[in-house]
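Note that the numbering runs from 1 along the sequence shown for the chain. On a predicted model such as this, the values are computed, not experimentally measured, just so you know.
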Amino acid sequence: MARAGAPPAASPGPEPWPRRALRTLLLLLASLLMSLYASYCLAGAARLLARQPAPIPPAPPAEGAAPPRPPSAPPQPAAEGEPRLPQALIVGVKKGGTRALLEFLRVHPDVRAAGAEPHFFDRHYGRGLAWYRDLMPRTLDGQITMEKTPSYFVTKEAPARISAMSKGTKLIVVVRDPVTRAISDYTQTLSKKPDIPTFENLTFKNRTTGLIDTTWSAIQIGIYAKHLENWLLYFPIGQILFVSGERLISDPAGELGRVQDFLGLKRIITDKHFYFNKTKGFPCLKKAEGSSKPHCLGKTKGRTHPNIDQKVVERLREFYRPFNMKFYQMTGQDFGWD
């Protein structure tokens, strides 16, 4: 309680100017900092929205599944196809007409064949199936991949190896009169080695006794029944087609019709595709694969055979006769060599 007569208390006056200005400055600075912080947050959110989403890693492949194609490898256009293991093989025989058959078959739009003989199942088996597949041409779905190596027929290991690749492989064997085939085989060797012994000397172990030398490959290949027994351990007879080398010359369209049926192909290759070349003595294609020009096999085909002693020819026919008869029975075909 104020004493009587005391002077009244002084009321607070206005705040000094420097303090008011400082407070205003602090408020402005705080407002500016808040604005800058809000702008930073908005900019960060915008960057997050604009950023591409991270790719979802692929699920690991199931056990036993093929690994995925690397991202760097572009997918193969469907129109080009891809190399595949052959579904059909021409496995024999040497100098029987295998090259002619392959060239004729390549006219068919649904057949794709390797040009050179791969010799995989006799010489290069250790390189593996991936190496073998890479030798094959690109094929589309519905096309048949083929190759021909005539030495397979006489290679002991070939049937088991082919069966291991695929038990469903279709096999084609082009056979020819074994005597004529042996002379043709000798003629080919003679063209490369002119100094080899005569056909007559190579045929016999002992010419006086008439004992045939079955270790000579030219003779040994023609014992078809013996080689076929090995193939029948791994493939049923119905999975092997036997093409007549003689009929491939006299009636190429007829034999090609059988081959197309065997392979499950539409009969497209007919008489209109062939003409007979009198100079060479065998049929040629009017139009080869990928060409509009006539095509005959090269100079190495259709060589003139040397004159062989007729008595040697007759002795060879006697030697092959029982093997031929057995071969006819095994295949259910009479090739008319006797």
If you apply the rule salt bridge (charged side-chain N to carboxylate O under 4.0 Å, His left out), what do you find for Glu229 with Lys326, and how did you get there? CA-CA 11 Å; Glu229 287 176 346; Lys326 185 176 181 180; 2.4 Å; yes
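- Counting heavy atoms from C-beta outward, Leu85 and Thr145 have side chains that stay 4.5 Å or more apart.
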Would Ile223 and Phe327 satisfy side-chain contact (heavy atoms from CB on, under 4.5 Å), going step by step from the backbone distance to the final call? CA-CA 9 Å; Ile223 309 175; Phe327 185 65; over 6 Å; no
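- Under the 6.0 Å distance and 45° angle rule, Arg161 counts as a cation-pi partner of Tyr125.
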I'd like to know whether Glu314 forms a salt bridge (charged side-chain N to carboxylate O under 4.0 Å, His left out) with Lys311, so could you lay out the CA-CA distance, the side-chain angles of the two residues, the decisive distance to 0.1 Å, and finally the verdict. CA-CA 5 Å; Glu314 290 303 321; Lys311 291 182 179 179; over 6 Å; no
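- In this structure, His108 contributes its side chain and Lys266 its backbone to a donor-acceptor pair below 3.5 Å.
- Looking at Arg138 and Glu82, no side-chain N of the basic residue comes within less than 4.0 Å of a carboxylate O on the acidic one, giving no salt bridge.
- No side-chain donor-acceptor contact under 3.5 Å links Thr155 to the backbone of Ala158.
- When every heavy atom of Thr98 is checked against every heavy atom of Gly92, the shortest pair comes out as CG2-O, 3.4 Å.
- Cluster annotation: Ile237 is connected to Tyr328 through the hydrophobic network of ILVMFWY side chains, with a link wherever side-chain heavy atoms come within less than 4.5 Å.
- The minimum heavy-atom distance linking Leu135 with Pro118 is given by the pair CD1-CB, 4.0 Å.
- A distance of 5.0 Å separates CG in Asp338 from CG in Asn324, rounded to the nearest 0.5 Å.
- Residues Phe319 and Tyr186 are members of one and the same hydrophobic cluster, defined by side-chain heavy-atom contacts under 4.5 angstrom among Ile, Leu, Val, Met, Phe, Trp and Tyr.
- Residues Met146 and Leu105 meet the side-chain proximity criterion, which asks for heavy atoms closer than 4.5 Å.
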Passes side-chain contact (heavy atoms from CB on, under 4.5 Å), Arg112 versus Met136? Steps please. CA-CA 8 Å; Arg112 300 284 286 123; Met136 298 299 116; over 6 Å; no
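- At a threshold of 4.5 Å between non-hydrogen side-chain atoms, the residues His227 and Gln220 count as touching.
- A distance of 6.0 Å or more separates the ring centres of Trp231 and Tyr224.
- More than 12 heavy atoms of other residues, nucleotides or ligands sit less than 6.0 Å from atom CG of Asn206.
- Under the 4.5 Å side-chain criterion, counting only non-hydrogen atoms from C-beta, Val179 is in contact with Ile183.
- Taking the side chain as every heavy atom from C-beta outward, Val93 and Pro150 never approach each other to under 4.5 Å.
- Looking at every heavy atom in both residues, Pro178 comes nearest to Trp337 through CD-CE3, 3.7 Å.
- Salt bridge status for Arg84 with Asp141: present, with a side-chain N to carboxylate O gap under 4.0 Å.
- Linking ILVMFWY residues whenever their side-chain heavy atoms come closer than 4.5 Å, directly or via other members, places Leu248 and Val107 in the same cluster.
- Formation of a donor-acceptor pair under 3.5 Å by the Arg258 side chain with backbone atoms of Val243 is not found in this model.
- For the pair Ile212/Lys205, no side-chain contact is recorded, criterion being any heavy-atom separation below 4.5 Å from C-beta on.
- Considering CG of Asp251 and CD of Glu246, their distance stands at 13.0 Å, rounded to 0.5 Å.
- Between the Ser184 side chain and the Thr180 main chain, no donor and acceptor come within less than 3.5 Å of each other.
- In this structure, Glu200 and Ile308 approach most closely via the heavy-atom pair OE2-CA, 3.5 Å.
- The heavy-atom pair separating Pro283 from Phe276 by the smallest distance is N-CD1, 3.9 Å.
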Worked check of side-chain contact (heavy atoms from CB on, under 4.5 Å) between Glu255 and Phe104: CA-CA 10 Å; Glu255 285 300 279; Phe104 295 163; over 6 Å; no
Let's go through Asp213 and Thr203 carefully: what are the C-alpha distance in whole Å and the side-chain angles of both, what is the deciding distance for side-chain contact (heavy atoms from CB on, under 4.5 Å) to 0.1 Å, and is it a yes or a no? CA-CA 6 Å; Asp213 187 358; Thr203 297; over 6 Å; no
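- The CG atom of Asp110 sits 10.5 Å away from the CG atom of Leu263 when rounded to the nearest 0.5 Å.
- Residues that satisfy the side chain to side chain donor-acceptor pair (under 3.5 Å) test with Asp309, not counting sequence neighbours, are Arg207.
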Distance-only criterion, 3.5 Å: show the donor-acceptor pairs between side-chain atoms of residues 168-176 and protein atoms not counting sequence neighbours.
unit_1, atom_1, unit_2, atom_2, d
Thr169, OG1, Ser166, O, 2.9
Lys170, NZ, Phe262, O, 2.8
Arg176, NH1, Lys95, O, 2.8

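- In this structure, the separation between CD on Glu117 and CG on Asp122 is 9.0 Å, given to the nearest 0.5 Å.
- We find that Arg267 and Asp261 are joined by a salt bridge, their nearest charged nitrogen and carboxylate oxygen being less than 4.0 Å apart.
- The CG atom of Asp134 sits 12.0 Å away from atom CZ of Arg127, with the distance rounded to the nearest 0.5 Å.
- Taking the six-membered ring where the residue is Trp, Phe120 and Tyr132 present parallel rings, their angle staying beneath 30° rather than reaching 60°.
- Taking CE of Met325 as the start and CE of Met330 as the end, the distance is 14.0 Å to the nearest 0.5 Å.
- In this structure a side-chain-to-backbone donor-acceptor pair under 3.5 Å is missing from Glu147 to Pro86.
- Tyr152 and Leu228 end up in the same hydrophobic cluster when Ile, Leu, Val, Met, Phe, Trp and Tyr side chains are linked at under 4.5 Å.
- Ile219 and Val154 fall into different hydrophobic clusters, defined by Ile, Leu, Val, Met, Phe, Trp and Tyr side-chain heavy atoms under 4.5 Å apart, directly or through other members.
- Thr331 is listed as a side-chain neighbour of Phe242, based on a closest heavy-atom distance under 4.5 Å.
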Check against salt bridge (charged side-chain N to carboxylate O under 4.0 Å, His left out), Asp185 and Arg181: CA-CA 6 Å; Asp185 198 338; Arg181 198 220 65 81; 3.1 Å; yes
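- With contacts defined as side-chain heavy-atom distances shorter than 4.5 Å, the pair Phe199/Val312 qualifies.
- When all heavy atoms of Leu285 and Tyr275 are compared, the closest pair comes out as O-CE2, 3.6 Å.
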